[in-house]
Structure formats: structure tokens, C-alpha cells
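What follows is one structure encoded as C-alpha cells, with my remarks underneath.
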Amino acid sequence: MTSTFSYLPPCNAAVSSSSLRHYLKPKVPALSSPSTVPFRSKTAINCSSPAHADASVPTDFCFLKKREFVFSAALPFLILLESVEVFRAEAAERLDRSEDERIREEVRKVVTKGRAPGLLRLVFHDAGTFEMNDNSGGMNGSIIHELNRPENKGLKKSVKILEEAKSKLDLIRPVSWADLIAVAGAEAVSICGGPIIAVELGRLDFGKPDPEGKLPEESLDAVGLKQIFSKKGFATRELVALSGAHTIGGKGFGSPVVFDNAYFKILLEKPWSSKGGMSSMIGLPSDRALADDDECLRWIKEYANNQNVFFEDFQNAYIKLVNSGAKWKS
């Protein structure tokens, strides 16, 4: 077997220095002639300026390569910005939740069972002015400017109760009367044993009184009540459920400080039909009218037999009521 160093002279031979270099030179096979097949190597492309640009390379290609580079460089910053925006949104949501809870806590401090009927009535008289046809009235805090109207007699006391909570809240972050009244009504129902109602916050106050003559009159019959409530966007079922708020307040429908379905049970008994005594003083004329209407009677029986159904329907109708006509913060 030969190697590149196998061509040495015999040991006893006289060798000149030039010959020695000849023999010691490695015998490397000659390279073949250069290949004519081109290699697929990447070629550097100059897109820096039109003067040095390769004419064979489309301009669009250079533009895309530059845009790809810019996007790659900017990607970390875009991800960072997106993370900051997500953090801000989550922080704002936590702030809103904490503010909402702070409002509810201050309201709870001033709401008692004895004050509950008046606060719930305040809700109905503020939101009850809503009219669908011109989108006027509604839950907008205008009741503050309407306290001298005959139908709002006695509500100044309820407003004064809430002023205590509002004065404390406004020192940290102003709260609208519309929000405060809506929350107070929900807390009034809850403290008397009724359903827990989650009221959304963010309403704006109107700042002036609503038009007069928008509240349902106490003397209306069932047909008139249904017509009035229909203009406000409420079906008969919702009318009957909201009327169940009269279960508190000392109108003769059970305990004045217990929110339950006693209102409907007593409507079915019609105690006012008996002659003489205090029974004839139970409820308002509009309450009694409901029991004489077949469509309303259907829901009166339903709620009298199932308090849970009444609670669920009242909860939904209340939320709809306090959202009626409301203008919201953007």
C-alpha cells in the first residue's frame, strides 16, 4: 500500500538537496477541471439605493425585504404595547369593581328595613317617567328636581338619607344620583329578604326635571295600567311583578318590612270586598284592579304559588326599570 510519502530514494543513494525536495514533495493527484454546473449559492442583493440595485431584482422584492426587516425589528415593541394595553384594561376593570363595591358599601350603611319602602318608592318615581316614543324620562336622577310635585310627597326624606352616602362618595369619586338611587332600591329589596339584584353602574344625571304627568296614577284600572306600562316598554307580566314591590311599606300586604309574595296571596283573597273594617283600606285602587283582570290574574296566581318565580321576575323587571332611559358614561 502506498502513501503520499512512499516515493523515497534508496537509503544508500546519493541525493542532492534539490532531488530530496523532489522526493519529499507529496504526490497529490491533480484536480479535475472546474465544473461547468453552477452552485445554488445565495447572491447578495443590494437594495440600498436605485443606483446600485440589481436590475434583475424586482423593486417589489426589495420593498418586501425591507418591510420584513422593519416588522421583525418592531415586533417586540408591538408585543410590549399590547401587554401594556391589556394591563391597563385589567387595571381599569379592577378599579371599576372596587368603585362599584365602595358605592354599595356606603349605601348599605344608610339603608335599614324601616327606610326600605321609601327608597324603593324613590326608584319607581325616578325611573317611572320613561316614555319609549320619544325616549324621554327614565332613570336619570331628575327626581331630585321634582320633589315638590304632589305625586312625590314624602320622598324628600329618602333623598336626605342618600345625601349622607353621596357626600362621602363624592369626596373620593363623584357618583350620580341615578346610580345611587338604583343601588339603594336594590339594597332595600335585599335587606327585607328579597332577591339580590346586581345593578350596573355608570348612569349620568339629567340635571333638570322630567315632564310632568308621566307616572301611572293610583286610580287607573288594569286596562289603563297595561297601556301606560306598555308605553314604557313593560309587558303585563312585568307590570304585575313590579307591582309586587307593594308587599313592603304598610299597605296591608303582610309585614311592611318583609319582601315576599304575600302581596299576591292577599290580592287573591280580595279582603277589601268585605264590608266595613280596615280590610277596605288594603292596597291602592290600582292594586285591586289587577286582581279583576284575567291577564294579570294569571301572573298573580303564579307568584302567589311560587315565590322563587316572583323573585326572579322582579329581579329582571327591576334591572330593566333602572336601565330605562338611562344615559351612560362612555
Side-chain angles (χ1 to χ4, degrees), residues 86 88-111 115-116 118-132 135-144 158-159 161-207 210 214 229 232-235 237-239 241-245 259 308-330:
V86 170
R88 286 178 177 173
E90 291 177 348
E93 185 178 352
R94 287 193 296 270
L95 177 62
D96 288 342
R97 284 199 299 265
S98 64
E99 289 295 324
D100 291 356
E101 187 55 35
R102 185 172 61 86
I103 292 172
R104 290 182 172 87
E105 286 178 359
E106 289 299 328
V107 170
R108 290 187 192 113
K109 292 177 183 178
V110 299
V111 176
R115 295 170 171 177
L119 293 171
L120 189 54
R121 179 171 171 245
L122 189 64
V123 174
F124 278 75
H125 282 234
D126 190 31
T129 58
F130 177 65
E131 293 278 339
M132 280 200 312
N135 196 31
S136 64
M139 198 74 209
N140 55 20
S142 65
I143 188 67
I144 304 303
S158 297
V159 170
I161 291 169
L162 292 183
E163 282 178 343
E164 181 183 343
K166 194 174 190 305
S167 62
K168 294 179 180 179
L169 292 167
D170 286 347
L171 291 175
I172 303 174
R173 186 176 180 183
V175 58
S176 68
W177 275 109
D179 273 350
L180 199 65
I181 293 170
V183 171
E187 293 298 327
V189 171
S190 176
I191 199 172
C192 290
I196 296 174
I197 305 174
V199 176
E200 185 178 358
L201 302 181
R203 297 168 188 77
L204 299 172
D205 286 338
F206 188 42
D210 283 332
K214 299 294 185 178
F229 272 77
K232 301 178 186 300
F234 292 91
R237 180 175 185 172
E238 294 167 320
L239 157 64
L242 289 173
S243 298
F259 193 98
N308 290 333
V309 174
F310 164 53
F311 277 12
E312 182 177 355
D313 283 2
F314 182 87
Q315 179 184 33
N316 293 333
Y318 182 90
I319 292 173
K320 183 175 179 179
L321 177 69
V322 297
N323 289 347
S324 297
K327 302 298 185 292
W328 302 89
K329 295 178 183 178
S330 58

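No hydrogens, no waters, no symmetry mates; every other heavy atom, side chains included, goes into these values.
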Please find the pair of heavy atoms, one from K329 and one from L204, that lie closest to each other, and give the distance. CG-CD2, 3.5 Å
Note: E163-K166 ion pair, threshold 4.0 Å (strictly below): no
Less than 4.0 angstrom from a charged side-chain N to a carboxylate O is my criterion; do E105 and K168 meet it? no
Is the number of heavy atoms from other residues, nucleotides or ligands under 6.0 Å of I196 CD1 greater than 12? no
According to side chain to side chain donor-acceptor pair (under 3.5 Å), who are the partners of E106, at least two apart in sequence or on a separate chain? K109
Using 0.5 Å steps for rounding, measure from the CG atom of L180 to the CD1 atom of I144. 8.5 Å
Are side-chain heavy atoms of M132 and K232 found at a separation under 4.5 Å? no
Looking at side-chain heavy atoms only, is the closest gap between R203 and N140 below 4.5 Å? no
Once the angle between the rings of F259 and F311 is folded into 0 to 90°, is it parallel (under 30°), tilted (30 to 60°) or perpendicular (over 60°)? tilted
Is any side-chain heavy atom of F234 closer than 4.5 Å to a side-chain heavy atom of S324? yes
Any side-chain heavy-atom pair of V199 and Y318 under 4.5 Å: yes
For side-chain contact (heavy atoms from CB on, under 4.5 Å), just list the numbers for M139 and I181, CA-CA rounded to whole Å, side-chain angles, deciding distance to a tenth of an Å, and then say yes or no. CA-CA 9 Å; M139 198 74 209; I181 293 170; 3.5 Å; yes
Check: D210 and F130 side chains under 4.5 Å, non-hydrogen atoms: no
State, with a plain yes or no, whether a side-chain heavy atom of L120 is found less than 4.5 Å away from one of H125. no
Could you tell me whether the side chain of V110 reaches within less than 4.5 Å of the side chain of R115, counting heavy atoms only? yes
Minimum heavy-atom distance between C192 and A116, given as atom pair plus value: SG-CB, 3.6 Å
State, with a plain yes or no, whether a side-chain heavy atom of W177 is found less than 4.5 Å away from one of L162. yes
Check whether more than 12 heavy atoms from other residues, nucleotides or ligands sit under 6.0 Å from atom CD of E312, and answer yes or no. no
